[in-house]
Every structure is written in structure tokens, then in C-alpha cells.
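As a basis for the values below, the full set of heavy atoms in this structure was taken, side chains included, without hydrogen atoms, waters or symmetry mates. In what follows, chains are A, B, ... by sequence order, proteins preceding strands, each numbered from 1.
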Amino acid sequence: MTANSPIRMRFAPSPTGHLHVGNARTALFNWLFARQKRGAVVLRIEDTDVERSEARFEDQLIDDLKWLGLDWDEGPDVGGPYAPYRQSDRLDVYREYGERLLDEGKAYLCFCTEDELQQERDRAQAESRQQIYSGKCRMIDPDEAKRRRAGGESAAIRLRIPEHPIRFHDIVHGDVEFSNEVVSDPIILRSNGMPVYNYVVVIDDALMKITHVIRGDDHLSNTPKQVALYEALGWPVPEFAHLSTILGSDRERLSKRHGATSIANFRDMGVLPEALMNYLALLGWAPTGGTREIFSLEELVKEFSLERVTPSPAVFDMEKLYWLNRHYIKQCELQRLTFLGLEFFAKSGVLDRNPTSPPNSDRTVFVEKSLLDWFSRVTELFAPYVDRLDQLPERASPIFSYDARAALAAPENAEVLAWPQTKAVLDRFAVKVLENESAQVGKLSAEEFNKIVSEVKAETDVKGKELFHPIRIVVMGSHSGPAFDKLIPVLEEGSRLNLPKHVLSVRERVEAFSKARLG
RNA sequence: GGCGCUAUCGUCUAGGGGUUAGGACGGAAGAUUCUCAAUCUUCAAACCCGGGUUCGAUUCCCGGUAGCGCUACCA
């Protein structure tokens, strides 16, 4: 690796589903390193596994990556000097180099059948020996082998592993050495002509001039095979950085069993991309000093360092992600938060999706200005209370579904309702609201409401929570909730809007409550 | 089984031959608020085990143990 060659990184997911958090972290670290070093980022689609790869997953992957705020300089969607960037479009290249290795004697044809190989492995297993390929076909004369292949015998191409230990450097793990005794001659091209992962990565990384390979440490044990390939081809070996595994709370590899693991899951839960990225950066990396926790993508680009990446596996902690998400929700510009929240309100049914909205825009809800303004105030009111945006409709439910009977019956309200002063407060409050002219038309202002409260206070001589709790139960159905100043106007305006389900005004709430209370 | 990687509070981590082993999430307590949340303050909580090396190891070395990974004509 020449020291002054431009830094080139790659992110190489398989299109087998939505982007997983582990892969997202790998993508992030690659991206951070590249952007910091002013290097290039390549997106390459590894679809040599025909069984599991699907074209539509490629689009999902790209959407997920973009949602996270990542971008790339070369890739199947944007092109670039080393195109194509999809492995299924590069099969000729792999075959060409396979033949070259064969001609140079660095690789050989293997005629063993899968059954034979399986038996070999079983025997090795039974005798508790190393399960490596016996090398049976290593000695076949190359010319004879070619004749057999030409004659129709099916053959795979295997790389010859050299007779010396294989060493390489890893930025996070240091020097790593594998004895050649324990690494099998790997198949690089299957008998059906399809290349194998450990081979194509090397060909592609080398041809695409990748200088630093950052990937999950599940590839660490594969690296010696790859290093042997670079050497066989006479190509420079890149720098490696193997990132630790992300574990679930049971210390097992994070999987669907652990709940949300794909980027799409987090997006659908209303986790902000900046929160996810910040969290992922902290999984395995810490800044100098180790005390700062909040980082934007731009700040990470400045601070990030591969040398400071921890080699030990990390347990994914949802609570800490939520903490960051709460932080970013509070930071979030209200307009953006409102649009994000609208999705979830629409999903919960308190808001109609505009039937005239374009068919492919199910992630965007179109609403008229008055509705938008009102929802932005609802969002402002309740967003500080949620871990994730999908909890917004639930938190805001006192606005949308008011149930006087339930409020009277709720065990958590029982104590407040039983206070001796409560009856007087309730009575006076009801009278005041009902006789208020603004309240009659759903236009009670915060000021007028406060005036009513002070009058109730003066007339009943009840103050503090003995005063506020009963009133809050009437208005919200619960003795805890947001401040009245902001809540009252939201209720009043909501009652005048054309929503799928009518929002009750303060007066309507008082009427319903009195009716339920007094029979 | 073989090989490899890893090992600091419950979790993410800082640190590093001599420290009161630091921060954050979560937990507990208190302050504040009409309430909840938020906020602020305080508290509890860790160097896997055993051998070396050393005046001194949590830190360096070796071994053990445990977890994870690889051991495919998967990626």
C-alpha cells in the first residue's frame, strides 16, 4: 500500500433485506473515516448469493443508507470509474482472474464432489482433527485437469494456500497471524462458474483500489484466505479494521429475536436518524477523554479515529438510544418534528391521509395549513414526553379521546376525587366554564381560563394541587399532564377543526364530566 | 473438536505500573413544578480467575475460564 495513494473506502452490503444496525455501524465508520481523510466512498452490492439476493432489497438498502444521512461517491446508482458496482455484473472479471490464477499455477482445479467433501469433513470431525480440505486434487497434473474439465467433468477452482504462516495488520486488533496449517485451500470459483465471496471481495477491493477495509469481525477468520489471494495475484494488501460484533442484552449476536434491529424498524418507531447514528458511533468508539457523548455527523467526522475503536463486543442498549433520541427530539426543529409526527398520527387514525396525495408517498401526509399548524402545537406539547415519535398519539390521547366516565373510575384519580375540597372546586369550575361566552363557542383563551381558575380559587379558598388536580381531571381525564397555558388553546382550536374524530372543547368536557359525575 | 478474537460498574466506555479507577445510560434519594416529564444536586455500582515480571499490578507476560466468531462449491 503506497502511503500517499488516495484513501478509498467501500461499503459492501448484500441485498438480502433491510439494512441491519451492525451493517449501519460498519457503513458509518467507513464513511466517517473516508470523509475525515477526504477519501472516496464506494457502495458495492454483494449479490453473489443468488439464493438470498433480491433486486428490490438493493433499493431498500440505498434508502436506508440515505435516511441515515450517508452518501457515497461511487456506486450502482451513481456510477463511477470502476463500474460496474454490482457483483452480479462482474462475473466475467472474476472468471478471467480465476483462469489467470489457474494458468500461473496459483490455483488448481478440484473435481471433488460435495458428498466427498462432506465425508472428509465428517471424518475429520469424528477424529477431532482440523476440518481442512485434504488437498486431494492439488497434485493432479494441470494439463490433465484441463482436459478432464474440457471433457465435461465439473470442476471448481481452488486457491493454493502458501506454505508459510499468513500475517496481516489490523488497525483495531493489531498484528494477527494464522498458521497455514489451519487454513484450507479455498474454492474461489464454484463448479457452476459462480465465484465465492472470499474471492470476489479481493478482486473487487483490489480493482476498485480500496485502501482500507472496515468490516465486521466475523470476517477476521476469513482474512488469511484473502491475504493469500492478494499475494497470489501480486497485489498490495489493504489495511484492515475489523469491528466488534453488536450483541443483544443476552450477549448473543443481535438478531430479530431482540426486537428492532433493522434501520427500517427504528425509522418506523420514530427514532431520529441523528440519534441512531450518534448511538452507533458510541458503540465501540469513544472520543479522547471519553466523556463527551453528543455528536453530530459533522462533529464525528472531525473527532473520529479508527485507532480508538474498541475490539471488544458491545451490547446494544435501547435505553441509551432512547436517551439520545429524546435529546434530539428536543433539539429538532418543530416543523420537521411535526411532519415526522404526522405519520404516526395518521397511522393511529386521528388524522386522515389526504386521498389526493400521490400514490408513492405513503411516508408523507398532506394536510391543510390550519391542520398542520394545530398538529405542530400538539407535537410541541407532547414530543418532550416521548422516547420515540410513535408514542406521540398515545401521549396525546387526552386530546383525542376524552372519556369522563373512565376518568371518574380511574384508580389513579380516586385519591384526588375523594379530597373533601374537590366537590366545591368541581362545582364552581363547571359553573364558571359553562357561563363563559368564549367557552360556549370553543374559543376559551388561556387568559380567560386562568381567570376562571383564580375565581374558583378565590371562591372556594382552595389552592395548589387541591385546586389544579381536580380541574386537570375534568379537562384531561388525568391529574397529570402538560401546563394549561398551552393545553387549553390546543383543545379549543382542535374542537373547531374538521378531524375524523371530533376533539372536545373545554365546555364539552365540562358538560360530559358533570353529566357523568352527577348522573 | 481445531483455529481466531474478546474480557473495567447491570450496559456503553475513559484510563493506565503507584489514581479517592473518571464520564454516560439505567437505578435510588433530594430540590423545583399544581401534576407528570424535563432540569439540577447527591448516592449506590466495576478492573474474570491463577501464576509470573516488578519495590508495586487493574494496567505488561503466560495459563485458565467464559463469551463470540470462523471452520461451506453462504455473505
Worksheet item: The side chain of Leu283(A) lies closest to which of these nucleotides: rC12(B), rU6(B), rC34(B)?
Response: rC12(B)

Worksheet entry | Options rG10(B), rC73(B), rG69(B), nucleotide nearest the side-chain atoms of Ser221(A) | rG69(B)

Discussion item. As a test of reading the structure: which of rC70(B), rC34(B), rG4(B) is closest to the side chain of Asn222(A), going by heavy atoms?
Written reply: rC70(B)

Response to the item:
Re rU54(B): Watson-Crick or G-U wobble partner, both distances kept under 3.5 Å, found to be none

Worksheet entry | Nucleotide opposite rA31(B) in a Watson-Crick or G-U pair, distances under 3.5 Å | rU39(B)

Worksheet item: Checking all strands, does Arg253(A) fall into the base, sugar-phosphate, or nothing category for heavy-atom contacts under 4.0 angstrom?
Response: sugar-phosphate

Worksheet item: Under 6.0 Å from the CG atom of Asp461(A), do we count more than 12 heavy atoms belonging to anything else shown?
Response: no

Response to the item:
Of the listed rC73(B), rU13(B), rU6(B), the closest approach to the Ala286(A) side chain comes from rU13(B)

Worksheet item: With respect to the side chain of Glu293(A), which nucleotide from rC5(B), rA75(B), rG23(B) is positioned closest?
Response: rG23(B)

Discussion item. Return the pairing partner of rG10(B) with a 3.5 Å limit on both distances, Watson-Crick or G-U wobble; otherwise return none.
Written reply: rC25(B)

Worksheet item: Is His173(A) near enough to rU6(B) that one of its side-chain N or O atoms lies under 4.0 angstrom from OP1 or OP2?
Response: yes

Fill in: Partner residues of Glu54(A) under the side chain to side chain contact (heavy atoms under 4.5 Å, CB included) criterion, sequence neighbours left out
Arg56(A), Phe57(A)

Fill in: Who pairs with rC70(B) - Watson-Crick or G-U, where each distance is under 3.5 Å
rG2(B)

Worksheet item: Below 4.0 angstrom from OP1 or OP2 of rA24(B), is there any side-chain N or O of Thr291(A)?
Response: no

Fill in: Arg251(A) side chain near rG10(B) phosphate (N/O to OP1/OP2, under 4.0 Å)
no

Worksheet item: Can you tell me if the side-chain N/O atoms of Arg121(A) get under 4.0 Å from OP1 or OP2 in rC73(B)?
Response: yes

Fill in: Paired nucleotide for rA46(B) [Watson-Crick or G-U wobble; both distances under 3.5 Å]
none

Item to complete: Taking atom P in both rC70(B) and rC61(B), compute the distance separating them and give it to the nearest angstrom.
Response: 27 Å

Fill in: No-H, no-angle donor-acceptor pair, Lys330(A) side chain to rA38(B) base, under 3.5 Å
no

Worksheet entry | Candidate nucleotides rA7(B), rC25(B), rC70(B), ranked by approach to the side chain of Asp317(A) - the nearest | rC25(B)

Item to complete: Name the closest nucleotide to the His469(A) side chain, picking from rC73(B), rA75(B), rU35(B).
Response: rU35(B)

Worksheet item: So, Thr310(A) side chain and Gly284(A) main chain: donor-acceptor pair closer than 3.5 Å or not?
Response: yes

Fill in: Short side-chain N/O contact to rG69(B) OP1/OP2 from Arg215(A), under 4.0 Å
no

Worksheet item: Quick one: side-chain hydrogen bond (donor to acceptor under 3.5 Å, both in side chains) partners of Asp47(A), sequence neighbours excluded?
Response: Ser88(A)

Worksheet entry | Base paired to rU19(B) (Watson-Crick or G-U; both N/O distances under 3.5 angstrom) | none

Fill in: Which nucleotide in rA14(B), rC68(B), rU35(B) has an atom nearest any side-chain atom of Lys465(A)
rU35(B)

